Q: 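This is the structure, below, for whatever I ask next.
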Amino acid sequence: MALDYRKCAEEIVANIGGRDNIAQAAHCATRLRLVIKDNNKVNRKVLENVDGVKGMFENNGQLQLIIGTGTVNKVYAEFLSITGMSEATKDDVKAAAAAAQPIWKRVLKAIGDVFVPILPAIVASGLMMGLVEALGKVYPDFASSDWYGFLDMVANTAFAYLPVIVAISTARVFGGNTFLGAVIGLVMIHAGLLNAWVAGSPEAINAFFGVTDGIIPSWKLLGDLKVGEWVVGSISRVGYQGHVIPVMIAVWLMCMIEKWFHKHVLEMLDLFITPFCTVLLTTFLTFTIIGPIFSQLESWVLAGATVLVKNPIGAGVMGAIYPWTVVMGLHHMYNVIEAGMLTDVGLNTWMPIASAANFAQFGACLAVGLKARNNRTKVVAIPSSISAALGITEPAIFGVNLRFFKPFLAGMIGGTIGSIFGAFLGIGAKAYGVTGIPGYLTIAQPVQYTILLAISGGIAFTLAWMFWHEEIEAAPAAAEPEKIPEKILEFKSVIKCSAGEIAQPVEGKVIPYTEIKDPTFAAGTLGQGVGIEPEDDVVYSPVDGEISSVAESKHAIGITGPGDMEILIHVGVDTVEMKGDGFEDFVAEGDKVKKGQKLMKFDRNKIKAANHPETVVVLLTNSDDYDDVKFGADI
């Protein structure tokens with residue numbers, strides 16, 4: 001019995017809380033994608049049993065109902081008719097779902113989007129740094145060798161210039177010019193600024209600035225103008241090595257400023273004025289506002305940490321917040337506490353706190369790596385956890401734990417309990433600079449330290465394993481497999497050359513390209529091929545290949561086929577003017593496609609109503625590369 005599309009749509013609307021509870025709706029090849037305002041109004045038990053709904057799951061803020069290929073289009077049409085909503089795209093739904101997320105989730109997503117692309121660099125550096133530092137501690141002679149110096153340079157490069165890498169990635173995420181982003185990152189670690197890693201050392205300050213009072217000088221760009229105790233326009237001459245959040249904030253600000261100038265500056269002056277003003281304003285605001293805020297945060301955290309670590313409860317608090325100071329880029333200042341402890345009592349009791357916090361993040365990250373079914377998550381989490389075990393936690397925190405958040409919280413809990421344990425036993429180190437497994441080289445009580453690591457990592461691993469659940473798209477088997485229509489397999493080839501054959505992608509009458517009602521296509525300017533007067537509204541892939549381009553207006557798709565054939569499928573003439581109205585794409589750039597796979601659906605009536613010829617143009621755009629090309633009736 002055929003599905004009653006109208007009834008199916010009505011039951012869906014009724015059980016998701018009605019029209020007023022729907023923020024956005026679209027569909028893909030098999031699923032109805034919905035963004036719901038209040039999930040408490042969704043009757044999931046009834047939805048799962050609606051005739052026509054083959055499955056249901058939630059992912060990235062979307063409620064997705066599996067309906068099936070071909071059927072979903074018709075149910076969606078009835079859905080729009082019932083709700084009075086206008087047709088939307090998958091991107092519209094994604095944007096609406098993202099906007100509906102709580103602000104903290106959006107912030108975490110932004111951090112994840114920034115760090116995921118740069119993870120290979122910092123994971124590799126983290127692993128190498130941990131190994132090189134450990135070897136230097138085990139073999140003192142190696143630590144003074146040329147090989148150590150070379151490997152240490154290679155290992156710490158990604159961290160020494162982390163602000164630049166983060167700045168470039170942030171600019172890409174927020175739509176700014178990546179090279180301007182790189183400039184902002186470079187300015188923040190400029191050689192004219194004191195390296196932040198040694199900012200707490202009076203000796204380093206004196207040597208760098210040629211002073212004797214151990215105080216970092218500043219630039220007073222606006223003289224002695226003050227607001228309360230704050231000197232307006234004052235820039236402390238210290239860099240941002242190791243910082244992440246201030247760099248991201250600075251580049252986000254840069255992107256907003258750049259976009260404003262692009263919108264308001266005359267095009268002929270844009271190339272000069274926009275970059276100049278963007279960099280100048282961003283750097284001034286970064287060093288005069290963002291910088292002082294984080295400098296003050298450092299002072300407060302350092303003062304608080306110094307007081308807290310003197311008792312077990314305070315140590316537990318620091319074990320909990322330590323990973324947050326890593327996120328903020330404030331953790332490098334703890335060397336001041338460690339150096340003071342070694343000078344005063346000869347024992348560094350801060351190191352076990354840092355080790356507990358770091359090893360807890362290792363345990364949580366390892367749990368994600370072992371539990372994850374998504375291979376991309378697994379291949380990031382396992383190496384990142386190893387890096388964290390060696391004391392370099394940035395890959396684990398930014399690439400995995402903070403991104404999924406529950407593992408990050410699990411790490412905080414593990415770090416808290418481990419730090420309390422270490423403080424009660426008075427565990428300490430004879431030096432500073434290493435944590436985690438390399439910490440055995442400096443620790444005074446190795447047995448107790450082993451128990452501390454086991455407690456921290458074990459608790460975090462257990463909690464992350466219990467409470468973190470991977471969000472995975474419904475398995476393809478749950479949806480109706482897309483079947484290749486018999487008719488497309490019966491279509492004859494319309495273009496043939498030594499590289500291969502290109503099948504007819506849509507049902508209809510084939511005409512020579514010279515008869516297409518467009519002078520550019522008819523002249524073969526874009527390549528030779530054929531036109532098809534369509535008798536259907538679905539375009540299928542004419543070859544096995546890869547999608548090389550999808551027009552923003554959805555009316556044209558490029559495919560790289562066998563033998564590097566470059567194929568263009570263009571639906572209608574001048575249909576770019578329709579701005580996507582009446583077109584629906586089922587593929588994206590970079591997708592691998594099989595011959596006969598559905599690529600696009602178009603509304604012939606809308607094309608006609610817009611007074612455009614509906615001819616589907618199929619071109620071999622690099623036909624000049626072949627000497628034996630045949631088209632249409634000549635095959």
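All figures in this text were calculated on a predicted structure; none of them were measured in a lab.
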Q: Below 4.0 angstrom, N of the basic side chain to O of the carboxylate: do Glu584 and Lys601 qualify?
A: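 Salt bridge: no.
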Q: Can you tell me which residue among Val114, Leu162, Ile249 is in a side chain to side chain contact (heavy atoms under 4.5 Å, CB included) with Val244?
A: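 So, applying the side chain to side chain contact (heavy atoms under 4.5 Å, CB included) to Val244 and each of Val114, Leu162, Ile249, only Leu162 qualifies.
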Q: Could you tell me whether the side chain of Val530 reaches within less than 4.5 Å of the side chain of Tyr513, counting heavy atoms only?
A: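 Side chain of Tyr513 against side chain of Val530, heavy atoms only: no contact under 4.5 Å found.
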Q: Does His555 reach the side chain of Met578, with side-chain heavy atoms less than 4.5 Å apart?
A: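 Of all side-chain heavy-atom pairs linking Met578 with His555, none is under 4.5 Å.
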Q: Considering only distance and modelled atom types, tabulate donor-acceptor pairs under 3.5 Å from the side chains of residues 608-619, sequence neighbours left out.
A:
residue: His612; atom: ND1; partner: Val573; partner atom: O; Å: 3.3
residue: Glu614; atom: OE1; partner: Arg604; partner atom: NE; Å: 3.1
residue: Thr615; atom: OG1; partner: Glu533; partner atom: OE1; Å: 3.2
residue: Thr615; atom: OG1; partner: Glu533; partner atom: OE2; Å: 3.1

Q: With a 4.5 Å limit on heavy-atom distance, are the side chains of Asn177 and Pro275 in contact?
A: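 Of all side-chain heavy-atom pairs linking Pro275 with Asn177, none is under 4.5 Å.
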Q: Could you point out which residue of Val279, Ile168, Thr282, Val251 forms a side chain to side chain contact (heavy atoms under 4.5 Å, CB included) with Leu180?
A: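 For Leu180, the side chain to side chain contact (heavy atoms under 4.5 Å, CB included) test succeeds with only one of Val279, Ile168, Thr282, Val251, which is Val279.
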Q: For a quick test of reading the model, state the closest non-hydrogen atom pair linking Val247 to Pro163 and the distance between them.
A: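 Looking at all heavy atoms of both residues, the closest pair is CG1-O, 3.4 Å.
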Q: Do Lys7 and Asp51 meet the salt-bridge criterion of a basic N to acidic O distance under 4.0 Å?
A: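 No.
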Q: So for atom CG, which belongs to Leu269, do other residues, nucleotides or ligands contribute more than 12 heavy atoms lying within a distance under 6.0 Å?
A: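 Yes - once you tally the heavy atoms of other residues, nucleotides and ligands closer than 6.0 Å, there are more than 12.
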Q: Does Thr377 reach the side chain of Phe404, with side-chain heavy atoms less than 4.5 Å apart?
A: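 Yes, at least one pair of side-chain atoms sits under 4.5 Å.
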Q: Give, for atom CD of Glu267 and atom OG1 of Thr274, the distance between the pair rounded to the nearest 0.5 Å.
A: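 Answer for the CD-OG1 pair, Glu267 versus Thr274, is 11.0 Å.
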